[in-house]
**Student:** 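Take a look at this one; I'll ask things after.
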Amino acid sequence: MERGDAWSAGPVGGADTGRDELLRVAERAARATRGLTDGQVVTAAVVCELCGSGDFASAEFEVWDGECYCVGCLLPIGVRDGDVLARTFRRPDAPPWTLAPTEAPGMPARPAEYFKCPEGHGLFQVAVALVLDGDAAVQAISVGLRCPEDGGLHLFIDNAQVTSMRA
């Protein structure tokens, strides 16, 4: 699946509106590129429990430099360094990893820019899909964004490869 700059229409509104659609965006990217079966891809809607935005409806993230940052506490979710496993998937024992170099397929073309939807909004809800190997180690990551203002859905990172940092 080619990432490009495509946005698709999604439902507009608060509460959990759009959560399932956003999860499907990230999961489809992970499965389509690799032709995976159940059990090899895990998905989650991202929330920040550090600052109190502990549910999907109130979780808002800004995106810049290829990372998603919580609006409430400004901490990254850990897309680039593997912290997403501990924070979102609650796997603190998982081995750390890092994204492959940014010129790798699947990464945003200009990651240093502050990211906005086509309507100019800069706050998003986020979903992550991880591709796992037989040992449950992360092989690739996909990240979907949803603009709660206009419902737009976007595949921000499309199956970017990760590199294990095991000692």
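Index from 1, following the sequence.
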**Student:** Please confirm whether the backbone N or O of Glu67 pairs with a side-chain atom of Asp65, one donor and one acceptor, at under 3.5 Å?
**Tutor:** no
**Student:** Side-chain heavy atoms under 4.5 angstrom apart, residues restricted to Ile, Leu, Val, Met, Phe, Trp, Tyr: same cluster for Val63 and Val71?
**Tutor:** no
**Student:** Can you tell me how far CG of Leu74 sits from CD of Glu62, rounded to the nearest 0.5 angstrom?
**Tutor:** 7.0 Å
**Student:** With respect to Gln125, which candidate in Arg146, Arg19, Glu60 satisfies the side chain to side chain contact (heavy atoms under 4.5 Å, CB included) definition?
**Tutor:** Arg146
**Student:** What distance do Leu130 atom CG and Gln40 atom CD have between them, rounded to the nearest 0.5 Å?
**Tutor:** 13.0 Å
**Student:** Evaluate side chain to side chain contact (heavy atoms under 4.5 Å, CB included) for Cys68 paired with Val46, printing each intermediate quantity in order.
**Tutor:** CA-CA 10 Å; Cys68 304; Val46 180; over 6 Å; no
**Student:** In Å and rounded to the nearest 0.5 Å, what is the CZ to CZ distance from Phe61 to Phe124?
**Tutor:** 12.5 Å
**Student:** To the nearest 0.5 Å, what is the distance between CG (Leu153) and CG (Leu23)?
**Tutor:** 10.5 Å
**Student:** Parallel, tilted or perpendicular: which one describes the rings of Phe115 and Phe156, with boundaries at 30° and 60°?
**Tutor:** perpendicular
**Student:** Taking the side chain from Thr98 and the backbone from Arg80, do they hold a donor-acceptor pair closer than 3.5 Å?
**Tutor:** yes
**Student:** Evaluate Val128 against Ile77 for side chain to side chain contact (heavy atoms under 4.5 Å, CB included), listing each step before the verdict.
**Tutor:** CA-CA 10 Å; Val128 175; Ile77 67 169; 4.2 Å; yes
**Student:** Checking Gln161 against Leu99 for the side chain to side chain contact (heavy atoms under 4.5 Å, CB included) test, could you report, in this order, the C-alpha distance in whole Å, the side-chain angles of both residues, the deciding distance, and whether it holds?
**Tutor:** CA-CA 6 Å; Gln161 299 295 306; Leu99 286 180; over 6 Å; no
**Student:** Does one hydrophobic cluster hold both Val79 and Val42, with members joined at side-chain heavy-atom distances below 4.5 Å?
**Tutor:** yes
**Student:** How many angstroms lie between atom CD of Glu27 and atom CG of Leu22, to the nearest 0.5 angstrom?
**Tutor:** 11.5 Å
**Student:** Just how far is it from atom OG of Ser142 to atom CG of Asp158, taken to the nearest 0.5 Å?
**Tutor:** 5.0 Å
**Student:** Hey, mind stepping through Leu132 and Val138 against side chain to side chain contact (heavy atoms under 4.5 Å, CB included) and telling me if it holds?
**Tutor:** CA-CA 5 Å; Leu132 307 177; Val138 177; 3.9 Å; yes
